[in-house]
Amino acid sequence: MPEPARGAALPAFFEFSAPAAWRAVDFISDLHLCEAMPATFKAWERHLRQTTADAVFILGDLFEVWVGDDARHRPFERRCVDVLADAASHRKVAFMAGNRDFLVGAALLRDAGLMALPDPTVLSAWGQPVLLSHGDALCLADTPYQAFRREVRTPAWQAGFLARPLPERLALATEMRRASAEHWRAQNAAGTGRFGLDGDAAADVDAAEAVRWMHALGAAEMVHGHTHRPGSNLLAPGFKRHVLSDWDLDTAQRAEVLRLTRRGFERLPPAGR
Ligand code: MN
């Protein structure tokens with residue numbers, strides 16, 4: 001297995017140019033939507049319906065888990081699809097996969113009216129290129145997670161997983177998250193490392209690699225989620241990154257939108273709150 005990734009070939013960057021008439025783009029990520037988090041779902045639904053932005057870019061981990069597009073017909077997932085499709089009939093809604101929902105496929109994108117954003121993507125808006133990524137691919141210090149990520153992103157692994165019955169996939173996903181959390185707790189107790197979880201358990205993005213990507217693109221700013229450590233800071237002189245907040249309005253009071261306009265980035269509460 002080759003070592004990841006720093007100094008390796010640059011990834012292919014998808015490019016999207018914002019139409020000149022756009023005035024604002026909202027970035028959100030790490031909603032981790034699930035039936036057990038109704039207040040978070042409600043706030044997300046309200047934001048998608050009420051935001052004044054021309055576009056909402058969802059940068060990964062919209063869903064707590066996505067085990068295949070046949071899940072879109074289950075009751076909770078159906079409600080999510082309806083919210084997305086309604087929003088997409090009024091504004092552009094774009095979706096980049098995260099580590100929880102990398103199995104989102106063409107059927108969900110179609111039914112929900114989503115524009116697919118490969119990771120990484122370069123958004124050109126008002127003359128400025130901005131690098132967009134979920135963030136997990138840049139957490140190079142977490143080598144066990146990077147190995148896991150490479151495996152589950154292969155067509156062979158995905159075909160094997162998707163061939164299993166839906167209830168089995170849902171049970172497997174629950175078990176994988178439980179095992180991953182336990183592994184992390186054990187590693188963390190021993191002070192030896194981390195294992196590819198989001199939030200507190202996530203490694204940070206590798207600053208040198210992120211700057212290398214930005215430098216290659218001529219992008220002075222990037223937006224990512226995944227680490228659940230919202231804030232904006234310089235990774236190197238002239239290279240600024242904006243980290244998105246996760247959303248939890250059920251066990252906490254945390255939800256934030258990062259908005260880009262001609263004047264730059266600003267952080268806002270969700271619309272209607
Ligand atoms: Mn994530």
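Numbering of ligands and ligand atoms starts at 1, following listing order. None of the values given here were measured: they were computed from a predicted structure.
A perpendicular orientation is assigned to the rings of F57 and F27, their planes being inclined by more than 60° (bins at 30° and 60°). In this pair, W157 and F102 present their aromatic rings tilted. The plane angle is within the 30 to 60° band.
Angle ND1 (H226) to the Mn ion (ligand 1) to OD1 (N99): 90°, rounded to 10°. Angle OD2(D61) to the Mn ion (ligand 1) to NE2(H134), rounded to 10°: 100°.
Salt bridge status for R150 with D136: absent, with no side-chain N to carboxylate O gap under 4.0 Å. A salt bridge links E256 to R267: one of the charged nitrogens lies within less than 4.0 Å of a carboxylate oxygen.
With a cut-off of 2.8 Å, the Mn ion (ligand 1) has no N, O or S atom of D30 in range. Among the atoms of S29, no N, O or S atom falls under 2.8 Å of the Mn ion (ligand 1).
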